[in-house]
Amino acid sequence: MNILDAIVNAQDGAAVRQLGSQVGLAPDQATTALSALVPALAAGVQRNLQSPGGLESLISALSSGNHGQYLDRPASLGDQSAVTDGNGILGHLLGSKDVSREVATRAAGQTGLSPDVLKRLLPLAATLMMGAFSKQSGGV
């Protein structure tokens, strides 16, 4: 199962519904948003894995964080800590807020959704992606 499918299918779609409700999107719109955001985030993971110490850094993040909670308990996406975690993940994956804004703007062009909504979703998408990685790796 790929990462996007793992997120969309977690808890029978509860994470997608939670994500959408937080920013005023229907579940299908939230899925569309994730479909545009997750590949960009996954590309950031790929870039990091190719850098010196990248794999060790990912393993450390997966083993020290409780990222799986966001898939197990989607309501936790409503906690400020989910946004804080997501922004930390984005810093590692994308490097700067400018790149994060670019990702959101590109996703807006692909989906027709507001760039502002996608900017708000981006850290939560990052937490969900790390949660999916954590679950697929068996919590490392």
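Throughout, residue positions are numbered sequentially from 1 according to the sequence presented.
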Nearest 0.5 Å, what's the [atom1]-[atom2] distance between [X] and [Y]?
| X | Y | atom1 | atom2 | value |
| --- | --- | --- | --- | --- |
| L41 | L128 | CG | CG | 10.0 Å |
| D85 | L90 | CG | CG | 11.0 Å |
| M130 | I89 | CE | CD1 | 5.0 Å |
| L19 | R120 | CG | CZ | 10.5 Å |
| Q29 | T31 | CD | OG1 | 10.0 Å |

Minimum heavy-atom distance between [X] and [Y], given as atom pair plus value:
| X | Y | answer |
| --- | --- | --- |
| P27 | V16 | O-CG1, 3.4 Å |
| Q110 | A36 | OE1-CB, 3.1 Å |
| V103 | A40 | CG1-CB, 3.7 Å |
| Y70 | S81 | OH-O, 3.8 Å |
| L118 | A107 | CD1-C, 3.5 Å |
| L71 | G131 | CD1-C, 3.5 Å |

Any side-chain to backbone donor/acceptor pair from [X] onto [Y]? Under 3.5 Å, distance only.
| X | Y | result |
| --- | --- | --- |
| R17 | D12 | yes |
| N2 | D5 | yes |
| Q22 | G78 | yes |

Exercise. With sequence neighbours left out, write down each residue that passes salt bridge (charged side-chain N to carboxylate O under 4.0 Å, His left out) with R106, or none if nothing qualifies.
Key: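 Only E102 meet the salt bridge (charged side-chain N to carboxylate O under 4.0 Å, His left out) criterion with R106.
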Exercise. Return the set of residues passing salt bridge (charged side-chain N to carboxylate O under 4.0 Å, His left out) with D98 (not counting sequence neighbours), or none when no residue passes.
Key: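 Per chain and number, D98 pairs via salt bridge (charged side-chain N to carboxylate O under 4.0 Å, His left out) with R101.
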Practice problem: Report, as yes or no, whether the 6.0 Å neighbourhood of atom CG on D28 holds more than 12 heavy atoms from other residues, nucleotides or ligands. | Solution: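 Yes, CG of D28 has more than 12 neighbouring heavy atoms, counting only those of other groups under 6.0 Å.
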Quiz item: Testing L124, L34, L93 for side chain to side chain contact (heavy atoms under 4.5 Å, CB included) with M129, which one passes?
Solution: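 Filter result, single survivor: L93.
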